[in-house]
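None of these values were measured; they are calculated from a predicted model.
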Amino acid sequence: MLAETITEGLNPEQKRAVETTEGPLLVLAGAGSGKTRVLTHRIAYLIGVCGIPAESILAVTFTNKAAGEMRERVEKLLGPGADGIALGTFHSVCVRILRRDIHHLQRDRGFVIYDDADSLGVVKETLRRHDMDPKVHDPRRLRWRFDQWKNQGLLPDQARADAADIEEEQSADLYATYQKLLFDANALDFGDILLQTVQLFERFPRILEYYQRRWQYVLVDEYQDTNRVQYQLVRQLAEGHRNIAVVGDPDQSIYAWRGADVRNILDFEEDYEDARSIKLERNYRSTQPILSAATAVVKNNLDRPDKTLFTDHDGGDPIRYYEAFDDRDEAAFVIGRIERAHREEDMPYGHAAILYRTNAQSRSFEERLLEYDIPYTIVGGQRFYERAEVKDVLAYLRLVVNPADNQAFLRIVNKPTRGIGKTTIERVQVFAQREGLPLVTALGQYVDTPEGQRVRAKAGRFLSIMSDLAQARERQPIHELISHALHATGYLEALAKEGTPEAESRVDNLKELVTSAEDFHVANQDDLDPDRGELELYLDQVALISDLDSYEDRNDRVSLMTVHSAKGLEFPLVFLVGLEERIFPHASSMRDDGGIEEERRLCYVAMTRAMRHLFITSANERRRFGEHHYQSPSRFLAEVPEELIEVLSEARRPSRGQRVRQAEPAPVRDGYDYSYSQDMGGEEGGVAKGTRVRHPVFGLGEVLAVMGDGLNQKLKIKFERAGVKTVMVRYANLELV
DNA sequence: TCTGTAGGCGTTTTT
DNA sequence: CGCCTACAGA
């Protein structure tokens, strides 16, 4: 194949990045600078021009979507020659390694992958084993801590050795128990997948050598988002041949909270001496105003390498800013604009994206879109494979594959209810712990003990379902197996009996699951692993899939997603919403400078998603947790040069009558406080029994009773239309009448 | 043991 | 506000 065919159309820097095949290479690629292009052309160049076998190339990404896109584009360049490239996420690559070699760590190759919910269950079990109260020791927080340790590449004993205080030591002990429980369940959590791989390589150099020899060329995408373990893994694999190419952008490092360390990319040239580095600064995506605005914002970060993006796209709209009265007004504005562009300019709905900081913000937009009957997709939030009904069925299958999967067992022993309640389960747990058995096995033996007699018949039904499924698995393809399980377990029947709209939608989801399993079956027909059945492969896949991965950019739907999810995507028309202090930047990021800088990078990522039009909005008043909060526009807004912004309107607050106010501003309650809430109430406002007030929702009413004072003062009010309600003075937004 | 409901609590971002 | 858990009653 001719080198020119592959490098054609690349700019000089991109071309250099493609042709520099040997030795360590750092590509600093600004937003929209053709990063994926470089990666894919580089792979094609290695194979097509240098004659490197596809099998010798490893390319790692963070999302399956990025991996899929890359494979597609390489295939376009090479045709079927692209088969055999190891191309996947860090997690999927490591799972493949572990499926082959984890037995060296004295573990079973048939392990299951635990998701967040499963692992939270294990944390709770951990606390139980230590006789600790989950109310005192927050399970989520503990899990987060374990995860951080894993991200750092630390096993329990190392974590304990590094512990700064008694409390951390205690957590490290819990971590040890947690790992033991995972081990017993023959399960790995997300963090383990990476950590155990690094462990494997560290302890068995000969296995590492095998992979080093196999993958002569290693490419890493989004290198700025790698954490410690990922860094170690890359290092291990690149040792020896040192053909390591990493691509990334320090300005787009937005995963520090997950243990990512920008230093990995910033220090690359020191880590790998004689590394070459190439900067891609030409932007092919956005107009100049958008680029200038985004750059102006991120330039406020002190800790960043100098880099300026430029574009040939001359002209372009200024950024438009709308300050909304409240979240509903904000949604109305955004949807109105989308509708107008669709109607007047024939813009396909798929060209528009609404980006927000937190998932919870999607609601008001969703409502409005529904109202206007505009098609949309929400990426993230509740994931398909995390829906209760889907997880339930999958739990049956997981238990078939791996009887040690106690989380799966606990999830479905009594689902649908078959009379195996809490007491029975607790007894079985005790029995299992004493005998050192997995729970299913323990249940089988428990029913033969004298105290187990009572549940014998009920448990027998469950156990026979399990053995029926085990047999069905031998002869049925995955989608039929799932369908079989839905019937055999009585799951569908139970839902049908409910008859609620909710149950119906669950049935729909389960149908969709069967359909998608059939797709999987068809797609995987040819590469069957004799060692591992279809079911195992399927379970791996669903465990590692994310919502974004199944997101197809359909041309006819508005996209709604968090800024994090939007990384790597682009849209002609972008609405960056909720640009308010304490939302973006988020309140929890304000504890240290690093937090604010990460938020600022996040803002940069958000703005650079826009190709042609960028709208920014903020709302003065917002309901959160059902309470009213007042916030000021984000500091990031002030960082955009004035001449690049067109302000569309000043929000005016409707003023009717005197507001009920509290004399003193609210003291900050804690780090999470949204203290822009307007505090009202107290005697100063003149609220007393008999006072007539107006509530924004309930209308006119009369105060029946005043309860408490200060911040937590509540009023019992009899409303003319809404009846008697109790409201918190400081959130109710009352007016004196 | 199951089912319904009251109360508490939470939201940052995700492979 | 809405979800989940804990608890009470059947």
Side-chain angles (χ1 to χ4, degrees), chain A residues 60-67 88-95 113-117 119-120 124 134-135 138-141 144 147 150-151 188-195 222 225-227 229-230 253-260 327 355-364 379-383 385-386 388 414-426 454-455 458 498 543-549 561-567 578 582-591 595 598-599 601-603 605-606 622-629 670-672 674 697 728 731:
Chain A
V60 205
T61 63
F62 275 80
T63 65
N64 291 303
K65 181 178 161 57
T89 62
F90 272 101
H91 292 267
S92 68
V93 168
C94 287
V95 166
I113 299 164
Y114 271 7
D115 70 5
D116 279 0
S119 87
L120 196 63
K124 285 176 184 163
K135 279 191 191 122
D138 180 9
R140 298 161 148 273
R141 187 172 231 149
W144 183 82
D147 200 46
K150 289 185 180 186
N151 288 335
L188 300 185
D189 64 15
F190 285 133
D192 262 345
I193 291 171
L194 305 180
L195 178 60
E222 308 277 19
D225 285 329
T226 49
N227 59 32
V229 222
Q230 287 160 335
S253 154
I254 54 173
Y255 285 102
W257 55 273
R258 211 169 80 188
D327 44 354
L355 309 182
Y356 35 76
R357 178 66 240 269
T358 67
N359 279 306
Q361 287 165 257
S362 68
R363 188 176 223 103
S364 53
V379 180
Q382 174 69 278
R383 272 166 255 258
Y385 289 101
E386 279 171 21
N414 197 33
K415 209 171 276 175
T417 51
R418 49 175 78 86
I420 305 174
K422 217 164 107 186
T423 355
T424 306
I425 292 168
E426 264 163 27
R454 272 208 324 219
V455 288
K458 294 165 179 171
E498 268 184 56
L544 294 177
I545 208 161
S546 80
D547 206 36
L548 183 62
D549 302 330
M561 67 188 90
T562 63
V563 179
H564 281 90
S565 298
K567 194 171 72 159
R582 301 187 157 255
I583 288 199
F584 203 169
H586 197 270
S588 57
S589 72
M590 296 183 180
R591 268 165 287 186
E598 176 144 319
E599 295 287 305
R601 289 191 295 270
L602 197 52
C603 186
V605 169
R622 191 177 284 283
R623 283 171 67 87
R624 283 196 98 175
F625 301 136
E627 294 170 345
H628 291 269
H629 294 280
D670 57 46
Y672 291 93
Y674 292 79
V697 176
M728 296 276 281
Y731 297 131

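The interatomic distance linking A:Arg140 (CZ) with B:dT14 (P) rounds to 14 Å, in whole Å. For the pair A:Met590 CE and B:dT13 P, the interatomic distance rounds to 16 Å; values are reported in whole Å. Rounded to whole Å, the distance from CD1 on A:Ile193 to P on B:dT15 is 13 Å. When rounded to the nearest whole Å, the span between CH2 of A:Trp144 and C1' of B:dT13 equals 13 Å. One atom, CZ of A:Arg623, and another, P of C:dG2, lie 9 Å apart when rounded to the nearest Å. Distance A:Leu120 CG to C:dC4 P: 12 Å, rounded to the nearest Å. Look at CH2 on A:Trp257: it is 11 Å from P on B:dT12, rounded to the nearest Å. Following rounding to the nearest Å, A:Asn414 (CG) and B:dC2 (P) show an atom-to-atom distance of 5 Å.
Residue A:Asn359 has its side chain nearest to B:dT13 when only B:dT13, B:dT15, B:dT3 are considered. Distances were taken from every side-chain heavy atom of A:Glu599 (C-beta onward) to each of B:dT12, B:dT11, B:dT14; the shortest belongs to B:dT12.
Distance noted for atom C1' between C:dA6 and B:dT11: 23 Å (whole Å). Between C:dC4 and B:dT13, the two C1' atoms lie 22 Å apart (nearest whole Å).
For the OP1/OP2 pair of B:dT12 and a distance below 4.0 Å, the side-chain nitrogens and oxygens of A:Thr562 include no atom meeting the criterion. One finds a side-chain N or O of A:Ser588 lying less than 4.0 angstrom from the OP1 or OP2 phosphate oxygen of B:dT12. Contact annotation: A:Arg357 side-chain N/O to B:dT11 OP1/OP2 distance is not under 4.0 Å. Residue A:Asn227 has no polar side-chain atom (N or O) positioned under 4.0 Å from OP1 or OP2 of B:dT15.
B:dT12 has A:His586 stacked on its base ring, the centres lying under 5.5 angstrom apart and the planes within 30 degrees of parallel.
Atom OG1 of A:Thr89 and atom CD of A:Glu222 lie 13.0 Å apart (nearest 0.5 Å).
When only modelled atom types and interatomic distance are considered, A:Thr562 and A:His564 share no side-chain donor-acceptor pair under 3.5 Å.
When every heavy atom of A:Phe190 is checked against every heavy atom of A:Ile113, the shortest pair comes out as CE2-CG2, 4.3 Å.
Base contact: A:Phe190 has a heavy atom under 4.0 Å from a base atom. The residue A:Leu602 sits apart from the nucleic acid: no heavy atom pair falls under 4.0 Å. Note on A:Ser92: nothing from the nucleic acid sits closer than 4.0 angstrom, heavy atoms only.
In this structure, the side chain of A:Asp225 engages the main chain of A:Ile254 through a donor-acceptor pair within 3.5 Å. Between the side chain of A:Glu598 and the backbone N or O of A:Gly595 there is no donor-acceptor pair closer than 3.5 Å. Listed for the A:Thr417 side chain is no donor-acceptor partner under 3.5 Å among the backbone atoms of A:Asn414.
For A:Lys422 and A:Arg363, each mapped to the nucleotide of DNA chain C holding its nearest heavy atom, the one lying further toward the 5' end belongs to A:Arg363. Each of A:Tyr255 and A:Gly419 has a nearest nucleotide on DNA chain B; the 5'-most of these lies closest to A:Gly419. Comparing A:Arg454 and A:Leu194 against DNA chain B, the residue whose closest nucleotide sits nearer the 5' end is A:Arg454.
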